[in-house]
Protein chains: 2
Amino acid sequence: MEPEGLVAHDALAVVLRITGAVPSVLLWQRAREPQAGRWALPGGRLGAEEDVEASVRRHLAEKVDLAEVAHVEQLAVFSDPHRGPAPRRVATAFLGLVPTDADPALPGDTAWHRVDALPDTAFDHGEITRAGIDRLRAKLSYTNIGFALAPDEFTVSELRDLYAAALGHRVSATNLQRVLTRRGVLVPTGATAAPGPSGGRPAARFRFGEHVLRVTDPFAALRPPGPPGVTG
Amino acid sequence: MEPEGLVAHDALAVVLRITGAVPSVLLWQRAREPQAGRWALPGGRLGAEEDVEASVRRHLAEKVDLAEVAHVEQLAVFSDPHRGPAPRRVATAFLGLVPTDADPALPGDTAWHRVDALPDTAFDHGEITRAGIDRLRAKLSYTNIGFALAPDEFTVSELRDLYAAALGHRVSATNLQRVLTRRGVLVPTGATAAPGPSGGRPAARFRFGEHVLRVTDPFAALRPPGPPGVTG
DNA sequence: TCAAAAGTGTTCGCGGTACACCCATGA
DNA sequence: TCATGGGTGTACCGCGAACACTTTTGA
């Protein structure tokens with residue numbers, strides 16, 4: 001441990017974006033030892049006048065345009081005393097999400113990497129990345145977090161492809177539309193998209209009604225009793 | 001900030017236990033400034049050779065018998081630069097749960113406080129406590145976390161009272177039993193409890209099948225498609 | 001007129017709630 | 001035999017999955 005029990009504190013970000021048919025994570029390649037050449041999550045030291053969320057946003061701004069990051073939330077603390085070489089560092093990890101239509105300019109040392117083919121990662125950053133993916137998958141099912149992955153306007157098929165990529169399994173456009181409209185998450189814009197070269201009915205365009213995280217599937221289990229006479 | 005960007009890191013615990021008809025939280029009264037007389041969460045400095053979870057367990061052991069704490073999980077990081085007086089401290093908060101039948105001996109400065117009537121709390125410990133209660137309420141609905149609140153053996157009515165106290169609303173014993181047995185969480189022991197002085201049918205006794213956290217309500221929404229031909 | 005893609009209608013079944021009813025005991 | 005509390009049986013309903021069918025386009 002450092003003098004007088006103090007430790008270095010980092011804020012790290014698992015920034016995810018759907019590319020092609022899989023999520024990708026934003027990594028930068030370390031130029032210097034330790035672990036030169038390995039790929040690391042963006043982030044860095046906690047500053048004197050900021051909390052960890054402000055810190056992760058500040059460090060992220062060095063790698064991507066922050067306006068492109070549609071959602072940020074705390075993941076967990078990683079504090080194994082041997083998670084990296086001395087001196088010790090404790091990290092608060094965050095999940096960040098970037099919409100598919102955003103393709104921000106990146107510094108030369110930084111790139112998106114498909115999560116199904118990660119390069120050699122630095123320290124415990126591979127484990128932290130998996131925690132971010134798990135969080136995203138869980139929240140897709142019971143929140144409106146898709147707003148942070150999708151472009152402003154989209155067709156249901158496009159959204160289905162996003163969900164399928166993030167979840168890692170096929171998703172039915174039919175049911176996705178019904179579920180999300182029933183929950184009041186999806187709002188039709190009135191516009192339609194032109195069909196592709198092989199024809200087909202033009203698709204209606206939608207957008208997410210809210211662009212802030214909301215739990216849309218309050219757990220039915222053990223909810224307070226309803227007013228008398230209201231069965232079911 | 002401290003020399004060279006280092007900060008003190010604390011591990012704090014929101015230890016909850018159901019007492020009477022409400023949850024109570026374990027607090028100790030500060031003897032020294034700052035905030036002498038105010039009530040604080042147990043916890044303290046991160047040690048050199050431990051991660052934050054080991055640290056919170058170590059500090060907790062100074063206040064209660066650790067064997068009585070049935071479950072511990074990470075809550076969140078609290079890092080506002082002005083959450084306490086200088087020098088700055090960052091805290092990783094944990095949720096801890098103690099069964100109702102355990103009533104561990106406590107040091108003189110330490111006591112259980114009903115969460116609906118908290119005393120003056122130190123720093124941001126009131127806010128952290130609320131985060132712990134919220135986490136417990138959420139997890140009661142979709143996990144088997146009740147194992148950490150209930151005694152080893154209990155009747156459904158006793159369990160109903162526990163759930164009602166933790167959730168803050170009435171709970172139906174009928175439905176609680178059905179839900180938890182259907183999920184395979186509750187196991188009958190075969191024993192029965194003697195009725196009270198006013199009579200009534202003897203109640204069957206149950207226990208939690210597992211004493212480790214398990215998600216029992218996998219979100220039905222957007223799960224992977226089943227094998228073909230299996231409808232519904 | 002045909003293929004392709006979007007979208008709707010319908011059925012099914014699970015699971016949680018509500019509520020009526022039955023069971024076992026003490027006074 | 002009655003009050004009291006425990007336990008079961010049953011109906012209802014929301015909701016997500018599956019799948020057949022209709023709609024609208026390009027070739």
Side-chain angles (χ1 to χ4, degrees), chain A residues 140-142 153-161 163-164 167 169-186 188-206 215-232, chain B residues 140-142 153-161 163-164 167 169-186 188-206 215-232:
Chain A
L140 275 176
S141 285
Y142 66 96
E153 252 185 63
F154 46 83
T155 68
V156 172
S157 310
E158 290 162 358
L159 189 65
R160 186 237 354 231
D161 293 342
Y163 271 67
L167 292 171
H169 61 74
R170 276 169 301 119
V171 170
S172 149
T174 294
N175 294 329
L176 184 66
Q177 176 176 15
R178 218 180 315 239
V179 167
L180 295 186
T181 54
R182 182 152 52 189
R183 290 179 181 174
V185 169
L186 242 43
T189 67
T192 59
S198 58
R201 175 170 166 174
R205 295 175 76 78
F206 292 84
V215 173
T216 55
D217 183 22
F219 308 111
L222 307 174
R223 64 164 169 253
V230 181
T231 192
Chain B
L140 275 175
S141 285
Y142 66 97
E153 251 186 64
F154 47 84
T155 68
V156 172
S157 311
E158 290 162 358
L159 190 65
R160 186 241 345 236
D161 292 343
Y163 271 67
L167 292 171
H169 61 73
R170 278 171 298 121
V171 171
S172 150
T174 295
N175 294 330
L176 184 66
Q177 175 175 13
R178 214 179 320 237
V179 166
L180 294 186
T181 53
R182 182 153 54 192
R183 290 180 182 173
V185 170
L186 242 44
T189 67
T192 59
S198 59
R201 174 170 168 178
R205 296 176 74 78
F206 293 83
V215 173
T216 54
D217 182 23
F219 308 111
L222 307 174
R223 62 164 171 253
V230 182
T231 192

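Convention: sequence-line order gives letters A, B, ...; per-chain numbering from 1.
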Side-chain N or O of B/R183 less than 4.0 angstrom from OP1 or OP2 on C/dG16? yes
Do B/L186 and B/F154 have side-chain heavy atoms sitting under 4.5 Å apart? yes
Could you check B/R160 against B/R178 and say which one's nearest nucleotide on DNA chain D is further toward the 5' end? B/R160
Taking the side chain as C-beta and beyond, is there a heavy-atom pair between B/Y163 and B/L140 under 4.5 Å? yes
What is the minimum heavy-atom distance between A/S141 and A/R183, and which atoms define it? O-NH1, 3.2 Å
Phosphate contact (D/dT8 OP1 or OP2) by B/Q177 side-chain N/O below 4.0 Å: yes
Just to be sure I understand the rule, does B/A204 reach a base, reach only the sugar-phosphate, or reach nothing, if contact means heavy atoms closer than 4.0 Å? sugar-phosphate
Any side-chain heavy atom of B/V156 sitting closer than 4.5 Å to one from B/F206? yes
Validation row: A/D161, A/V171 side chains within 4.5 angstrom (heavy atoms): no
Which of C/dG7, D/dC15, C/dT10 is nearest the side chain of A/R182? It is D/dC15
From CG of B/N175 over to P of C/dC19, roughly how many Å is that when rounded to an integer? 11 Å
How many Å lie between CG on A/L186 and P on D/dG16, as a whole number? 14 Å
A/A191 and A/E153: which non-hydrogen atoms are nearest, and at how many Å? CB-OE1, 4.2 Å
Rounded to the nearest 0.5 angstrom, the CZ-CG distance for A/R160 and A/L180 is 13.0 Å
Take the protein atom CG of A/L180 and the nucleotide atom P of D/dC15, then report the distance between them rounded to whole Å. 13 Å
Does OP1 or OP2 of C/dA6 have a side-chain N or O of A/S157 closer than 4.0 Å? yes
Sequence-aligned protein contact record of nucleotides 22-27 of chain D, with B where the base is within under 4.0 Å of a protein heavy atom and S where only the sugar-phosphate is: -BBBSS
May I have the distance from A/Y163 (atom OH) to D/dA17 (atom P), rounded to whole angstrom? 12 Å
From CG of B/L176 over to C1' of D/dT8, roughly how many Å is that when rounded to an integer? 15 Å
Work out how much the helix from C/dT1-D/dA27 to C/dA27-D/dT1 bends between its end axes, five pairs an end, to the nearest 10 degrees. 20°
Mark yes or no for whether A/E158, through its side chain, and A/T155, through its backbone, hold a donor-acceptor pair below 3.5 Å. yes
Short question: side chain of A/T192, backbone of A/P202 - any donor-acceptor pair under 3.5 Å? no
From CG of B/L167 over to P of C/dG16, roughly how many Å is that when rounded to an integer? 14 Å
